[in-house]
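Heads up: the structure comes next, in structure tokens.
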Amino acid sequence: MTEAVAKGEATLLREARDKFVAAFGRQPTAASAAPGRVNLIGEHVDYCEGYVLPVALPFLTIVVGDYNNTDECGVVSTLGSNQDVKTSFPATTVATLSPGEPAWANYVKGVVANFPMKVGGFDAVVVSDVPMGAGVSSSASLEVAFFTFLEALTGHTVDPVQKARLCQKAEHEFPGMPCGIMDQFIVTLGKKDHALLIDCKSLSSTHIPVQSSEAVILVVNSNVKHQLTGSEYPQRRAQCQQAADLLRIPSLRSASIDDLKKLSSQNCDELVFKRAKHVIEEIARTEEVAKLLPQNELDAVGQLFYKSHSSLSELMQVSCGELDQLVGILRASAGVYGARMTGGGFGGCVIALVKKNNVEQVKKNVLSQYKGKPIFFVCQPSDGARILQLQ
């Protein structure tokens, strides 16, 4: 498979309902959907309180379910392997939940545990076509879809920003991943044909129109994920905080280009300087892209994509040979405005802004030159999480 195509809400909902009836012998009464996401620009800055500019994808996680009049919760999920996996845990009306095995269930249990009211026993089915392990946030999609399902089930709805924060807290506490706020935020608040400029300091956000008639957002999954020790992400986070501490500011969000001279004069560690330079410049690039996109200044946006990639590769050092190769192939292809790695790095996806008429040729270029097995998807900025009506 070289192309990933979204199945669409109606197809996934039908799949989920059929699975629920087969597993539990009755019709579900509550349903929800939440998308995956890809970040246009603003990488490795959310934990420095910077600006990020993601879009929601047309790929969805859908949850359907119903109360079961017991003190147990039963969840059936179809993960990436297309095999059904099952888990059960006590309802929060009778027990306090804690992390455990199987690992995937922690994403669900964390959300149930952090939902603002206690929830009685229920059965639920999860289906998803969000590509897993591709850096498009299948985990936040699952968390927010399940939270939205609980809203539909209980009738208790939560302010969207609070919902994003509670899902982030769930990921910190249960799977134990110290993620920033971006993923849960865009998955909750995405809007069709718009990117979302998120201020990770104030948690305010602005929808930015992305409606070019001549260009598309092409995502290329490198299909590689380099094994990490687990220290890479916390290490970079700590280095950025070290730079902020040297400048006597709470985070690098408050820093300017001039502050880099101050760091130099303090003989700060070379890696700390490189991380700070990336963050300060990437925050400025993100604000610039948010201004240029509505004006359709795609050449300028593309150049900022390339600068972002170079910075992530050389200063933040989170790229890898495969991502650099993909960006190189895209840079040499006609009709590509710009390209960059997107996500945490060390594998995952590259995002490119491409003229519509050139997309097929660009894919051919990648297929013939890239040493790996890429998967493409054209990203149509889509709506965020929502409760679905069951007829």
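The shown structure was predicted, so the numbers you read here are calculated from the model rather than taken from an experiment.
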Are [X] and [Y] linked by a side-chain donor-acceptor pair shorter than 3.5 Å?
X: Asp299; Y: Gln303; result: no
X: Ser333; Y: Asn365; result: yes
X: Asp193; Y: Gln380; result: yes
X: Arg275; Y: Gln317; result: yes
X: Arg340; Y: Ser308; result: yes
X: Lys373; Y: Thr2; result: no
X: Glu143; Y: Gln168; result: no
X: Asn114; Y: Lys169; result: yes
X: Asp66; Y: Gln27; result: no
X: Ser256; Y: Asp258; result: no

With a cut-off of 6.0 Å (strictly less than), are more than 12 heavy atoms of other residues, nucleotides or ligands near NZ of Lys363?
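Enclosed.
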Arg165 atom CZ, neighbour heavy-atom count above 12 within 6.0 Å:
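Open: at most 12 neighbouring heavy atoms sit under 6.0 Å from CZ of Arg165.
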Can you label the angle between the Phe122 ring and the Phe149 ring as parallel, tilted or perpendicular, going by 30° and 60°?
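Because their plane-to-plane angle is over 60°, the rings of Phe122 and Phe149 count as perpendicular.
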Donor-acceptor under 3.5 Å (Arg236 side chain, Met316 main chain)
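Present.
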Tyr306 six-ring face occupied by Arg331 cation (under 6.0 Å, within 45°)
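Yes, a cation-pi geometry holds between Arg331 and Tyr306.
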Determine, for Tyr51 and Arg253, whether the Lys NZ or Arg CZ falls below 6.0 Å from the six-membered ring centre while staying within 45 degrees of the axis.
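Yes, Arg253 lies over the aromatic ring of Tyr51.
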For side chain to side chain contact (heavy atoms under 4.5 Å, CB included), just list the numbers for His172 and Cys179, CA-CA rounded to whole Å, side-chain angles, deciding distance to a tenth of an Å, and then say yes or no.
CA-CA 7 Å; His172 287 185; Cys179 57; 3.9 Å; yes
Hydrophobic cluster identity match, Leu315 and Val52, side-chain contacts under 4.5 Å
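No, Leu315 and Val52 fall in different hydrophobic clusters.
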I'd like to know if Lys19 and Glu15 make a salt bridge, using a cut-off of under 4.0 Å between side-chain N and carboxylate O.
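A salt bridge is absent here (no side-chain N lies under 4.0 Å from a carboxylate O).
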Distance, nearest 0.5 Å, that separates NE2 of His278 from CG of Leu252:
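That separation rounds to 10.5 Å.
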Side chains of Thr61 and Val127 in contact at under 4.5 Å (non-hydrogen atoms)
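A side-chain contact is absent here, since even the closest heavy-atom pair is not under 4.5 Å.
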